[in-house]
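Notes follow once the structure below has been shown.
Position 1 is the first residue of the sequence, and the numbers go up from there.
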Amino acid sequence: MIAQAVKMEDQIHQLAVGDDLEELTWGEPVQRVQALAEKGLQELPSVYIRALSDRPGLDDSLLPDETVPVIDFSGLQEDDRKQETMSDIAKACEEWGFFQLINHGIPLPLIAKTRRVAKQFFDLPIEEKQIYANKPWSLVGYGSRIGVTKGAVLDWGDYFLHYLWPIDKRDVDKEWPKKPASYIETLDEYSREVHKLCSRLMEVFSENLGLRTSYVGEVFGWPDMNLVLRINYYPPCPRPDLTLGVAAHSDGGGLTLLLQDDIGGLQVHKGDRWLSVDPIPNAIVINVADQLQILSNGKYKSVEHRVVVNNSFVRMSLATFCNPDIEAIISPALELIDDNHPSSYRKALYGEFLQSFFRDGLKGKRYIESFKA
């Protein structure tokens, strides 16, 4: 198991930096945002202050007719509601790239346990979390930035990231924390439930695109597609009007499943506005990512989103990224290409998408734009 995980890391290292792994280093010392916030700062350090055009702004409210769709997944189990539910998912993928899923099948007590152990990890002393600190060439571990560029504007947040699936690629001994004691058992159970939900969603996406039911799953390597968990921790910020918890970006993988808390902070870009995704208790936010946009030849939209922070409360979320293998070749499905719908994207290894992340961090939709035909 460990050898396979190491092999996977080596592949990513190779994609990121070529033959000389030692060339990639942190541009400056890594500062834990949680530790900064606990000092009771009155001013925001300059490294977190964004350009005026990138700041949250004040006009972020939803208009009455602009709400991220909410879809009841249990409708797929009822003959008289199945087609309507399928259509609702297709419309959400095409028009929003986002939707909130209720009655998704993941047991609510398990969601509560998963949230609890995530919080307990971040409640540990920084010295204990630091054992899992990520390396410059890898996102796996306890981190506070994406990319190594010196002088980059940083996000106001920390994270903890590790693989959930496939089981034989996750390194529980080294990458999953020993504290809290129930973390490994809880996240193992959660990973199995998320795997089932991702599998069903990929079937729905395939059918809605007019492809065979297994198509998206096959491209992503089902049943061994990569599921990666990122636990996000956004502490109170002295000047939330000047910074972001996560900069504007589209996700580079296949699809993302996000479990929010009740604080709120996720925003999606629609038209010329940033619209808040208000938390619904125990709902899971689903968003289309870049590889699914490419596979659908642009029919499904991978939409920019960001996270705003506040000056009063800790916000936490758990994002699970469903990604192809780094050696998977992604291109628009042939069935979606004809004289009226030419291929919008060139064929490419998914690993190509990962290269820039290690060096440059999040850059809006720049990555997917670079793969246009």
Would you verify whether the NZ or CZ of [X] falls within 45 degrees of the ring axis of [Y] while also being under 6.0 Å from that six-membered ring's centre?
X	Y	result
Arg32	Tyr142	yes
Arg170	Tyr163	no
Lys270	Trp96	yes

Problem - Asp325 to Asn226 - nearest heavy-atom pair and separation - result: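 Where Asp325 meets Asn226 most closely, the heavy atoms are CA-ND2, 3.5 Å.
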
Exercise for the section: Please check if the distance between the ring centroids of His249 and His305 is under 6.0 Å. Expected result: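 Under 6.0 Å, so yes.
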
Problem - Close aromatic pair by centroid cut-off 6.0 Å: Phe121 and Phe160 - result: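 Aromatic pair counts; centres sit under 6.0 Å.
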
Side-chain touch [X]/[Y], heavy atoms, less than 4.5 angstrom:
X	Y	answer
Arg115	Leu259	yes
Pro107	Glu193	yes
Tyr350	Glu327	no
Asn134	Leu161	no

May I ask whether [X] and [Y] are part of the same hydrophobic cluster, defined by side-chain heavy atoms of I, L, V, M, F, W, Y residues being less than 4.5 angstrom apart, directly or through others?
X	Y	value
Val153	Leu52	no
Tyr215	Leu76	yes
Ile263	Val314	no

Exercise for the section: Kindly write out the residues that satisfy salt bridge (charged side-chain N to carboxylate O under 4.0 Å, His left out) with Lys91, not counting sequence neighbours, or none if the list is empty. Expected result: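 Applying salt bridge (charged side-chain N to carboxylate O under 4.0 Å, His left out) to Lys91 gives none.
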
Handout entry: Listed partners of Asp72 passing salt bridge (charged side-chain N to carboxylate O under 4.0 Å, His left out), at least two apart
Key =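 Result, salt bridge (charged side-chain N to carboxylate O under 4.0 Å, His left out) vs Asp72: Arg81.
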
Handout entry: Of Tyr183, Tyr132, Phe321, the residue whose pairing with His162 passes ring pair (Phe, Tyr, Trp, His ring centres under 6.0 Å)
Key =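 Answer to the ring pair (Phe, Tyr, Trp, His ring centres under 6.0 Å) test with His162 among Tyr183, Tyr132, Phe321: Tyr183.
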
Problem - Residues Lys301 and Glu95 bridged, charged N to O under 4.0 Å - result: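 Here Lys301 does not pair with Glu95 in a salt bridge, since their nearest N and O are not under 4.0 Å apart.
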
Handout entry: Check ion pair Glu218-Arg212 (N to O, under 4.0 angstrom)
Key =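 Counted as a salt bridge, because a side-chain N and a carboxylate O are separated by less than 4.0 Å.
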
So does [Y] get a backbone contact from the side chain of [X], meaning a donor-acceptor N/O pair under 3.5 Å?
X	Y	value
Ser317	Gln260	no
Lys196	Gly105	no
Arg315	Gly264	yes
His104	Asn282	yes
Glu28	Gly151	yes

Practice task
Before giving the answer on side chain to side chain donor-acceptor pair (under 3.5 Å), spell out for Gln293 and Tyr345 the whole-Å C-alpha distance, their side-chain angles and the decisive distance to 0.1 Å.
Solution key: CA-CA 10 Å; Gln293 178 172 322; Tyr345 300 94; 2.6 Å; yes

Handout entry: Under the side chain to side chain contact (heavy atoms under 4.5 Å, CB included) test, residues paired with Val309 that sit two or more places apart
Key =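 By the side chain to side chain contact (heavy atoms under 4.5 Å, CB included) rule, Val309 matches Trp156, Tyr234, Cys237, Pro240, Thr243.
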
Handout entry: Results of side chain to side chain contact (heavy atoms under 4.5 Å, CB included) for Asp123 - residues two or more places apart only
Key =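 Applying side chain to side chain contact (heavy atoms under 4.5 Å, CB included) to Asp123 gives Lys119.
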
Practice task
Under the side chain to side chain donor-acceptor pair (under 3.5 Å) rule, what do Thr213 and Glu207 come out as? Steps first, then yes or no, please.
Solution key: CA-CA 5 Å; Thr213 302; Glu207 292 180 22; 3.1 Å; yes

Problem - Lys179/Gln120 under side-chain contact (heavy atoms from CB on, under 4.5 Å): CA gap, chis, key distance, verdict - result: CA-CA 8 Å; Lys179 294 181 182 179; Gln120 289 171 342; over 6 Å; no

Problem - Sequence neighbours excluded - side chain to side chain donor-acceptor pair (under 3.5 Å) pairs with any residue from residues 37-48 - result: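 Found Gln34-Glu38.
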
Practice task
Report yes or no: do Trp222 and Ser199 form a side-chain donor-acceptor pair below 3.5 Å?
Solution key: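 Distance-only check passes for Trp222 and Ser199.
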
Exercise for the section: Kindly give the cluster partners of Val70, where membership spreads through any ILVMFWY side chain lying under 4.5 Å from a current member. Expected result: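 Direct or chained contacts put Val70 with Ile102, Ile280.
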
